[in-house]
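Working notes, structure below.
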There are 2 protein chains.
Amino acid sequence: MSDLLARLRDRHWRLTAQRRVVAQVLDGDHVHFTADEIHARAVALLPEISRATVYNTLGELVALGEVLEVSTDGRAKRYDPNAHHAHQHLVCESCGTIRDVHPSGDPLGSLPATERYGFSVSGVEVTYRGLCPNCAQK
Amino acid sequence: MSDLLARLRDRHWRLTAQRRVVAQVLDGDHVHFTADEIHARAVALLPEISRATVYNTLGELVALGEVLEVSTDGRAKRYDPNAHHAHQHLVCESCGTIRDVHPSGDPLGSLPATERYGFSVSGVEVTYRGLCPNCAQK
DNA sequence: ACCCTACCTTAGACATTGTCTAAGTCAACA
DNA sequence: TGTTGACTTAGACAATGTCTAAGGTAGGGT
Ligand SMILES: [Mn+2]
Ligand SMILES: [Mn+2]
Ligand SMILES: [Zn+2]
Ligand SMILES: [Zn+2]
């Protein structure tokens with residue numbers, strides 16, 4: 001994630017304490033936190049950080065392509081720092097656990113030209129749903 | 001959609017004016033309205049119908065498997081009466097238009113056993129994103 | 001046809017998630 | 001070290017969805 005800070009410096013970002021803390025919370029490639037979860041963890045490191053700044057910083061990281069926005073449940077969006085390796089998600093319907101998964105083949109290839117209705121198709125999101133081992137054993 | 005009313009009667013649903021109107025708004029297999037859009041159209045047919053009843057009725061139709069809930073944009077959920085033919089969605093990133101599409105192959109099959117982490121995988125949602133012909137011509 | 005009553009509907013309060021504004025603060029550059 | 005425009009903040013506001021208590025009614029029983 002220090003890579004991330006370097007990239008942001010290159011883009012003439014001001015490196016404020018607040019932005020450092022948000023980046024630190026997102027460190028680790030397999031987290032999928034909501035904005036409020038990120039805010040709570042950020043407050044533990046920098047008590048005076050505001051909700052607005054967390055939302056602002058996350059929005060900027062998404063616009064820069066450094067973080068992905070994931071909506072797996074129609075509730076709060078989740079923020080995914082694993083933006084540099086294409087992947088999809090497997091979600092437990094019971095406890096909400098999210099795993100990164102890597103399907104075989106190109107997901108875009110599954111949409112035939114006759115099903116594209118003249119769209120220029122540029123991306124695809126796949127969400128697999130099921131029960132995780134913990135929740136499956138009732 | 002009269003099929004739907006018959007099925008609901010069979011399940012001992014009370015056929016109230018409000019429920020008839022919600023079903024009528026959802027008639028047609030290729031609509032993807034938000035709850036508020038459905039409420040606005042329902043009010044045009046039955047002015048005193050409340051927001052709570054629309055939400056209640058939609059939730060019940062989803063629980064019965066007669067309507068699908070679709071979250072394509074992280075904003076309001078959309079309600080899809082085309083619940084009896086498996087399909088996926090193609091969304092215009094600019095204007096939000098949604099088309100039903102039918103990918104080739106079984107979308108579930110693209111997730112190898114080694115990527116399932118012990119989950120019992122029961123479903124998959126695929127959202128293709130791009131620009132519709134109207135929006136593509138700037 | 002009329003009652004009952006369990007189920008349904010309603011208005012509006014409340015909850016969650018996200019956006020915006022105006023005023024104060026500070027990181028980076030000179 | 002001073003300057004300045006970008007950044008942060010508290011809190012109001014907005015959008016979407018949930019809940020409750022009170023009143024209404026569909027449909028079975030008579
Ligand atoms: Mn991920
Ligand atoms: Mn559909
Ligand atoms: Zn689980
Ligand atoms: Zn479009």
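By convention in this document, chain letters (A, B, ...) are assigned in the order of the sequence lines, proteins followed by strands, and residues within each chain are numbered from 1.
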How would you list, by chain and number, every residue that makes a side chain to side chain contact (heavy atoms under 4.5 Å, CB included) with [X], sequence neighbours excluded?
| X | result |
| --- | --- |
| A:Tyr55 | A:Ala35, A:Asp36, A:Arg51 |
| B:Arg19 | B:Trp13, B:Arg14, B:Thr16, B:Thr57, B:Glu60 |
| A:Leu46 | A:Ala17, A:Gln18, A:Val21, A:Glu48, A:Ile49 |
| A:Ser50 | A:Ala52, A:Thr53 |

Just grab all the salt bridge (charged side-chain N to carboxylate O under 4.0 Å, His left out) pairs involving residues 108-127 of chain A, residues at least two apart or on different chains.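 Output for this query lists A:Glu125-B:Arg129.
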Run through the side-chain heavy atoms of Ile, Leu, Val, Met, Phe, Trp and Tyr, join any pair under 4.5 Å, and report what else lands in [X]'s cluster.
| X | result |
| --- | --- |
| A:Val91 | A:Ile98 |
| A:Leu111 | A:Leu90, A:Val101, A:Leu108, A:Tyr117, A:Phe119, A:Val121, A:Val124, A:Val126, A:Tyr128, B:Leu90, B:Val101, B:Leu108, B:Leu111, B:Tyr117, B:Phe119, B:Val121, B:Val124, B:Val126, B:Tyr128 |
| B:Leu131 | none |

End-to-end bend of the helix from C:dA1-D:dT30 to C:dA30-D:dT1 (five-pair axes, 10° rounding)? 30°
Of all nucleotides in DNA chain D that come within under 4.0 Å of a heavy atom of chain B, which is furthest toward the 5' end and which toward the 3' end?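 Contacts span D:dA15 to D:dG27, reading 5' to 3'.
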Can you name the residues that form a side chain to side chain donor-acceptor pair (under 3.5 Å) with A:His89, not counting sequence neighbours? A:His32, A:Asp80, A:His87, A:Asp100
When every nucleotide of nucleotides 3-9 of chain C is labelled 5' to 3' by its protein contacts under 4.0 Å (heavy atoms), B for base, S for sugar-phosphate only, - for none, what sequence of letters results? ---BBSS
